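What follows is one structure encoded as structure tokens, with my remarks underneath.
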Amino acid sequence: MNFEDSSVNEEEDIPGNFESCITSNDLILERILYFMTFDDLLSSARINKRWNKLSRWELGRNRKCLAKIEKDLPCQDLLRLKEQFEGKSYIPYQGLSIGYSFGHANCKIVEDYRALESTEFWKTLPMKYLRVPLNQYTDCLAMQLLKLLMNQRSHEIQELVVPSLYYRIDDVPDFFDIERKIRPNWLPQLTSLGIGDIKDEWILLQLVAAAPSIRNIYGHVRPHHLYKLFEMRKAKLITEFICDPASPTDAYTLLRFAELKPKLQQLRIADRSADKEPWSSFAASLLESSSTSLYHLEIELLDLILLTSSEKLSLLHLKHLHIKFNDRLDKQLGFFVLSKINFDFLFPNLTSCKISRSSCESLYSQEQLELIPVELMQSNFVCSTVRQITLSDNCFNLWVESECRSVGSLFPNVTCFQIENCRQPGTYLKYTLAYWQNLESICISTVEYPAPITNFDVLFCGISKEEWTYLRSLEKTSPGFLQHVELVPSAWSLLHLKNLKSVKISVMHNDRCPVPRRDDFVLLSSLTGHLVFSKMSELTIDLVSSDCLSKAENACCLAFDDLRNFATISEIKDKRQR
């Protein structure tokens, strides 16, 4: 792992060294860098020594720049970080992001820890921002170093994120060996606290109790956290919240929180809460109080209809909408419900919309259907602001073709299209892409078993299965033939997308390839490379796949071996799914 995105060397202040002096040009450059994005700052650091120094200075002063310790081998990454920056007066980071995988639990590097503890390096590690998992039963170097840092330097932390928890931790100060006398105030400078989807409510509450200066509580904050946060007078600091009826709490506590009129930035309304009291009034109150602050909303389809049908509410700053979709509602009502929602009025600045399958897949009751206003059926709207659409988890199950066409019509100005964690994404592609001629990027994440195989050649080239078979046979009998073919698509193809700049396909291989393998069991081949990719000079192609269990025993259906001349190919490190 390389922790340096570019050369990070602080220039010496030598008389006559013009570049190290503060001049009017430096002041102008500093002002320019102030408005650059994080990625642009990393790129500008490669221009020359002067830009490197000022770009890194800007990153260290105003940006949240973390040294990322990968979860697969965090101990090795920490040692590598030590080797790279030990003895240097400047470390170009403001904090650490430590990953940890469950399969790494047996790691024991005692000697390495002693060597690390005996040096001054751990005292110079940046601690302003910290993103760390917690695991009680491991001797991994990453966990040992984390405990040391939290014990000795917790007073430096300004933002702490705990994304995951392995096993139950009853007492957080005990876990970090915090001295008894400082426990009431062992995070004195902490102003922002984020918590992952951790079932143990005490983790959040103990961290909040130790931070007298805290001003922002976010992440997976649920109703059952509210009572204790009220006792500590910290409930008004919540900026992200999950409105979940499954979380045990009482109506009085919900009412108290609603009366605070919180200015939430992210809100998740889960499990069809808008058709039940007091959750209906509570969710409506949170949306109303956060109308000028909310930028991310996750909500069930029925809740979205009920909470916005009156069109009295407008979420002015909402950028990202995640809809938990149940197409059974469309089937019961007989029309595509989303087209009945006035997105441009309700969410005038919405830029991205994600549609994923709802965990509630049962039919809606007659009582629930009667809550939907009759006037909802009378209009059809188009959303003009959304530029990014994500379809996730096989969200359309019953009427796939119809739903895909409706999405294309509802969001006509899409430039970025993503399909996430989907089996057989071909249907989603076939009936949506033709609607978006100005697409700039396509990102597909698919799960293959591998039969039946999605054939991207047919979709991307715009040819029939018979044409595909014919062209493949010609390429086998006359190698190099495809390089001289000018494709005339008989259907929609990638060649129609004149603005397309990026295609990424990530495929999870969950089984052995069949033996014997059929010729048409191909995900993507050089046929698309020669006929399409080679004709689109500005197109970047990234192909990622997990390894095949068949390995050398049989050719893999999902490999991209014959596309190496057209694309960047890499391997998925995550665990395969079942």
Side-chain angles (χ1 to χ4, degrees), residues 70 72 388 390-392 415-430 432-433 439-463 468 471-472 475-476 482-483 487 489 492-497 499-514 517-552 554-577:
E70 296 288 355
D72 294 323
Q388 177 175 318
T390 301
L391 303 181
S392 180
T415 59
C416 177
F417 181 42
Q418 297 184 358
I419 299 177
E420 290 183 354
N421 193 30
C422 189
R423 298 194 186 103
Q424 293 298 299
T427 306
Y428 292 88
L429 287 168
K430 181 178 180 180
T432 53
L433 291 182
L439 275 181
E440 297 177 4
S441 66
I442 300 173
C443 184
I444 304 167
S445 170
T446 178
V447 182
E448 304 280 346
Y449 274 90
I453 294 290
T454 303
N455 192 317
F456 286 117
D457 283 340
V458 171
L459 288 166
F460 289 170
C461 295
I463 58 179
W468 178 85
L471 290 170
R472 288 272 293 179
E475 176 63 9
K476 287 182 179 180
L482 292 178
Q483 300 178 33
L487 177 66
W492 180 93
S493 82
L494 286 186
L495 293 173
H496 291 102
L497 301 178
N499 299 325
L500 191 63
K501 300 295 189 297
S502 172
V503 172
K504 181 175 181 179
I505 300 175
S506 176
V507 55
M508 184 67 69
H509 196 333
N510 278 341
D511 210 340
R512 293 175 178 269
C513 286
R517 171 182 166 180
R518 284 169 45 184
D519 289 340
D520 60 346
F521 273 13
V522 175
L523 190 77
L524 187 66
S525 73
S526 59
L527 189 149
T528 296
H530 289 299
L531 299 183
V532 176
F533 293 160
S534 65
K535 314 299 182 185
M536 305 176 75
S537 57
E538 297 184 2
L539 182 62
T540 300
I541 306 103
D542 293 302
L543 306 175
V544 190
S545 64
S546 60
D547 63 324
C548 180
L549 290 177
S550 301
K551 300 189 181 297
N554 188 43
C556 178
C557 303
L558 309 180
F560 304 112
D561 295 336
D562 58 350
L563 283 160
R564 296 192 179 278
N565 293 331
F566 307 98
T568 300
I569 300 175
S570 54
E571 183 177 310
I572 297 176
K573 295 181 179 180
D574 293 338
K575 296 179 180 178
R576 62 185 71 244
Q577 301 173 5

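Just so you know, these numbers come straight off a predicted model, no measurement behind them.
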At what distance, to the nearest 0.5 angstrom, does [atom1] of [X] lie from [atom2] of [Y]?
X	Y	atom1	atom2	result
Leu524	Leu563	CG	CG	5.0 Å
Leu497	Lys501	CG	NZ	10.5 Å
Phe521	Ile453	CZ	CD1	6.5 Å
Asp457	Arg472	CG	CZ	7.0 Å
Leu494	Leu433	CG	CG	7.5 Å
Thr432	Leu391	OG1	CG	6.5 Å

Heavy atoms only: give me the nearest [X]-[Y] pair and the separation to one decimal.
X	Y	result
Ser493	Gly462	CB-N, 3.6 Å
Asn455	Val458	OD1-N, 3.1 Å
Thr446	Pro425	OG1-CD, 3.3 Å
Ala567	Leu543	CB-CD1, 3.7 Å
Val522	Ser525	CG1-CB, 3.8 Å

So [Y] and [X], do their side chains get closer than 4.5 Å, heavy atoms only?
X	Y	value
Leu531	Phe460	no
Glu475	Leu527	no
Trp468	Cys461	no
Glu420	Ser506	no
Leu429	Phe456	yes
Leu495	Val532	yes

Original post:
Is there a donor-acceptor contact under 3.5 Å linking the side chains of Ser445 and Asn421?
Top reply: no
Subject >> Polar side-chain atom of Thr415 near backbone of Leu439 as donor-acceptor pair, under 3.5 Å >> reply: no
**OP:** Taking Ser546 for its side chain and His509 for its backbone only, find out whether a donor-acceptor pair lies under 3.5 Å.
**Re:** yes
**OP:** Classify the ring geometry between Phe566 and His530 as parallel (under 30°), tilted (30 to 60°) or perpendicular (over 60°).
**Re:** perpendicular
